Amino acid sequence: MNRRDFLKTLALFTGVSCFPFVFGQTRGWAGRVDSLGSLNSSNKRLIVLMLRGAVDGLNVVVPYGETAYYQNRKTIAIPPPGGALGALDLNGFFGLTPSLKALKPLWDDKSLAFVHASGSTDVTRSHFEAQDFIERGLPSEARLETGWMNRLLAILQGNSNPIQAISFSRRITPILTGNVSVANFPLSQQVGKSLPIDKPELMKAFDSLYQGNPKLGAMYQEGRLARDTILSDFQSEGFHQAMAQDQNALEMIRANNGAPLSTGFARDVVNVGLLLRKDPRIQLAFLELGGWDTHVGQGGVTGQLANRLQPVGEGLAALARSLGESYQETVIAVISEFGRTVGENGDGGTDHGHGNVMWLLGGPIKGGKVYGTWPGLETEQLYEKRDLAVTTDFRTILSKILVEQFHLSPAQLSQVFPKFTPVLSQVSGLI
Amino acid sequence: MVFNWNRFFDFHPFKRIKINIQLILLFSLLCGFKGQVNAEADNFPPLSPEQKILHVLNRLTFGPTPAEWTHVKAIGVDAYIEEQLKPDSISEPDFVTLQLNQLETLRLSPLQLFDEYWPKVLASRAEKKAQNLNKEQSPVMQVEPKEIQQSQQKRQDAGIIIDQARQARILLALRSPRQLKEQLVDFWFNHFNIYSAKDKNRLWVGAFERQAIRPYVLGRFRDLLGATAHHPAMMVYLDNDKNRFLGPSDVQGKPKGVNENYARELMELHSLGVDGGYSQTDVIELARILSGWGVCPLNSRPNLSSNAMAGIPVDPYLPSKPAPFLYPNGNGFCFNPKFHDPGTKVFLGKTFQGDGLMEGERALDLLAQHPSTAKHISYQLAEYFVQDNPPPSLVNRLQARYLQTNGSIEEVLRTLFHSPEFWNPQVYQCKFKTPYQYLLSCLRATQTPVTTYKPIYGLLEQMGMPLYNYLTPEGYKNTQVAWSNPDALMRRILFSYQLGQGAFAAQLKGDRSPGEKIPLTPLQTEPLKDVVWLELSPKSQDAIHHAPNKLWVAMMLGSPEWMFR
């Protein structure tokens with residue numbers, strides 16, 4: 001019986017007596033969890049950040065050693081390291097775009113790695129289908145309606161709690177859709193603030209409406225439990241102190257970069273880090289950011305893409321910091337549905353391509369290295385003579401992480417990524 | 001609050017119908033999360049006359065109102081269905097027409113909108129760019145607030161178009177008695193979804209709905225397919241304006257310049273469906289057939305804005321005065337033979353000689369008549385109006401009706417509304433409302449007056465369903481699994497509370513000065529006594545009965561039963 005079944009049964013067959021523990025003190029509830037099954041002894045985490053719209057990986061981790069890169073990108077290329085506006089050298093061949101300089105210290109500390117020329121085998125160049133592939137972990141023709149993170153969650157069950165996986169979004173994203181229930185909160189400063197629905201009088205009224213409801217009773221309880229848990233985490237005194245410290249740290253990261261932030265991502269993502277640090281029950285988290293479809297006026301060292309990347313770099317640096325000690329047990333994977341064309345188009349932008357770069361951060365990552373096989377950028381080396389080829393399947397990278405982080409067996413891996421055989425040797429040493 | 005409990009319970013369903021609560025719970029569980037309905041309805045109590053009325057109102061309208069309830073009670077369920085299938089037989093109330101007439105951008109054609117507002121969009125973009133450049137060059141320098149204001153003003157000027165389009169859509173959905181038609185506007189717009197923030201569609205999204213969707217929602221599917229294919233907004237959204245034949249094959253065996261984006265979605269989403277039996281070669285062949293379909297040259301022609309101001313729609317691309325080499329249809333769509341692939345194509349097993357615009361029309365005929373299209377459309381209508389995972393028996397019957405009637409949406413729906421599957425007691429309250437449906441049903445049931453529409457739009461955005469702002473062409477899903485999640489439920493309960501307290505109604509009053517606080521008037525329970533109260537289970541009614549009065553409205557509109565239609 002999985003947790004949803006359990007809650008349904010609870011909702012169906014138990015009376016009012018179960019409600020005090022569900023809707024009373026959160027502490028009481030936590031005690032109850034212990035009696036249901038002990039809390040996870042391991043604090044291993046996985047956070048996935050999806051950049052929707054296909055970020056231009058060639059301008060994130062720049063192959064400055066390739067002449068073809070500069071031949072193909074007359075106005076938008078990132079200059080080689082050296083000048084004031086050049087890439088930040090990574091290994092003598094690749095350089096990091098200066099908009100992500102907030103991440104450079106993590107590279108130097110060897111907890112940031114990249115896998116270049118990676119991605120899915122999707123050939124449609126359609127955002128819709130390619131995102132679907134990444135989130136379900138399956139080609140679009142495969143008929144399985146669940147996301148791979150939900151299938152992973154099903155395997156990690158045994159320490160049931162309402163916030164084992166959180167989608168920081170307004171909906172349950174396809175990647176976390178499935179049979180096991182998941183909490184969701186939009187990523188904003190509002191997370192953790194009390195609302196009128198948290199007033200005891202209102203809770204009591206709605207508890208009585210939803211108690212035992214066969215269609216929505218369980219979902220209501222999950223929503224209520226998740227709210228209570230998050231509120232209690234956020235409103236604890238330690239949390240406020242940590243938050244204040246981390247907001248200061250964030251201010252410093254910002255100040256070092258000069259310009260003000262263009263989005264609230266860096267500010268809001270700190271809450272995620274603090275929450276994970278505070279509450280070891282959260283094991284999987286999903287975040288998403290849109291706006292990477294830079295067909296027109298992409299810019300180079302400065303401009304549209306640079307402006308969007310900068311807060312992501314700052315946010316990830318702040319997230320790493322706010323995770324505190326738990327950063328040592330966390331892997332953060334940054335992924336996008338496909339890469340963009342090697343050549344720049346007539347509008348100073350790039351079109352839908354194929355291979356991209358995956359970013360990996362966290363204590364367990366053996367960083368300071370660009371993994372993968374570089375296929376080259378000469379025309380005949382490209383996928384369909386226009387795009388960076390994919391030499392490492394994204395599922396291989398994720399499989400490697402799941403094996404090391406959560407000790408998944410080959411059989412369990414094939415539940416997460418059915419009909420796929422990872423070639424773990426392609427990323428040996430990554431984690 | 002004046003409220004008479006005795007009256008409240010007079011029409012209470014459980015007084016008249018003996019229903020075993022546990023049976024209801026058990027069987028609604030069957031109907032439950034995945035929308036799977038057991039085909040054997042034997043053990044389900046038949047719908048009461050009241051439930052039949054509510055069922056029809058739930059499915060044919062954006063939610064029952066006291067007035068519609070009385071109306072259906074008077075004329076009967078079958079007559080009501082017939083009336084809704086013939087929307088022209090129902091007159092639009094004067095106050096609705098009057099409000100629509102005040103929305104002046106609704107009268108402009110795509111070309112007029114372009115001439116009137118595109119320069120403003122460009123000017124505001126240029127200013128924004130200049131400001132960004134300033135910021136980059138000297139991060140400390142502050143941009144003059146006045147410049148920001150001007151730029152925002154220009155953006156707002158163009159933003160008025162989409163504001164008015166949203167206002168018209170929501171006004172009609174809330175107040176028009178042609179409710180089935182309004183649901184179908186939502187359904188078909190979503191079926192042919194376009195994204196309002198892409199390029200010129202910030203000007204054209206409303207015109208697309210008015211010109212290409214609204215006139216055909218109950219007509220023949222071929223007309224919808226044709227109208228959307230001939231609209232510049234669709235051409236821009238799915239890049240067919242860039243589908244330009246520039247010479248024979250490149251590496252992929254596809255002619256140079258041919259863009260397959262629209263051709264692919266036209267089959268996958270608009271007609272055949274993803275399993276409709278077409279190949280990647282068919283995608284390329286259809287793209288070749290549709291090469292040259294696009295948007296008229298928008299600059300280099302007389303400006304229409306002064307005419308637009310005078311209210312005279314003059315269009316140099318009217319078919320009577322064709323510009324050389326272009327085949328315009330008067331709304332900004334042009335076929336340009338210079339960019340059309342003249343070669344022979346084999347599409348879905350049929351040979352198409354290169355003969356310009358007409359081969360595209362024949363391809364649309366072929367798609368509209370295709371059994372896969374009939375099935376795809378039937379499935380979607382059944383999913384929207386009957387249940388998630390609709391039974392194959394129903395889909396097959398609708399498909400047959402579609403093929404018999406040359407794709408008449410009215411006939412397919414008539415069959416649907418009289419089908420045993422639609423009247424199966426198990427599908428009563430089985431469809432989880434989308435955020436759009438939930439919000440509208442609450443505002444309709446409470447008859448909340450609306451002067452300003454922006455808070456409604458804002459709430460839809462918060463609930464994850466911003467109007468005209470779904471990015472990708474598949475449109476919003478309408479199944480429970482897509483919309484029910486713990487956070488969404490908490491959000492709806494919060495909204496029902498704010499609505500009940502009068503807080504949302506206060507936001508919808510337009511005539512307040514900035515900072516002015518309007519005293520909140522809690523909503524009355526009385527108007528909800530038929531339409532909402534009767535939808536509630538005896539258990540929910542009992543829970544409400546035991547709660548403080550001031551929470552009744554919130555509890556009714558936040559109840560589990562009201563989440564469904």
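We use all heavy atoms of the structure for the numbers below, so side chains are in, but hydrogens, waters and symmetry mates are not. Because the structure is predicted, anything quoted here is derived from the model rather than measured. By convention in this document, chain letters (A, B, ...) are assigned in the order of the sequence lines, proteins followed by strands, and residues within each chain are numbered from 1.
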Quiz item: Salt-bridged, A/Glu201 to B/Lys550, with N to O below 4.0 Å?
Solution: yes
On a heavy-atom basis, the closest approach of A/Gly223 and B/Met490 is C-CE, 3.7 Å
Looking only at heavy atoms, the pair that brings A/Pro196 and B/Tyr497 closest together is CB-CE2, 3.4 Å
Scored by heavy-atom pairs under 4.5 Å with chain A, the best of B/Gly558, B/Gly464, B/Ala488, B/Ala547 is B/Gly558
Looking only at B/Gln498, B/Glu561, B/Gln462, B/Gln501, the option with the highest number of non-hydrogen pairs under 4.5 Å against chain A is B/Gln462
So, taking the atom named [atom1] in [X] and the one named [atom2] in [Y], what distance separates them when rounded to the nearest 0.5 Å?
X: A/Leu216; Y: B/Gln480; atom1: CG; atom2: CD; value: 6.5 Å
X: A/Asp293; Y: B/Leu471; atom1: CG; atom2: CG; value: 8.0 Å
X: A/Leu202; Y: B/Met555; atom1: CG; atom2: CE; value: 8.5 Å
X: B/Ser540; Y: A/Asn213; atom1: OG; atom2: CG; value: 6.5 Å
X: B/Leu494; Y: A/Phe206; atom1: CG; atom2: CZ; value: 9.5 Å

Short question: side chain of B/Lys539, backbone of A/Ser208 - any donor-acceptor pair under 3.5 Å? yes
With sequence neighbours left out, the residues meeting ring-ring contact (aromatic ring centres under 6.0 Å, His included) with A/Phe185 are none
Residues at least two apart in sequence or cross-chain that pass ring-ring contact (aromatic ring centres under 6.0 Å, His included) with B/Phe495, listed by chain then number, are B/Phe504
Does any backbone or side-chain atom of [X] lie under 4.5 Å from a heavy atom of chain A? Answer side chain, backbone, both or neither.
X: B/Leu489; value: side chain
X: B/Ile493; value: both
X: B/Pro473; value: neither

Margin query: Please check if the number of heavy atoms outside A/Lys204 that lie under 6.0 Å from its NZ is greater than 12.
Written below: no
Whatever's closer than 4.5 Å to a heavy atom in chain B on A/Ala226 counts as neither
**Message:** I'd like to know whether B/Met563 forms a side-chain contact (heavy atoms from CB on, under 4.5 Å) with A/Met219, so could you lay out the CA-CA distance, the side-chain angles of the two residues, the decisive distance to 0.1 Å, and finally the verdict.
**Reply:** CA-CA 12 Å; B/Met563 300 297 153; A/Met219 187 168 285; over 6 Å; no
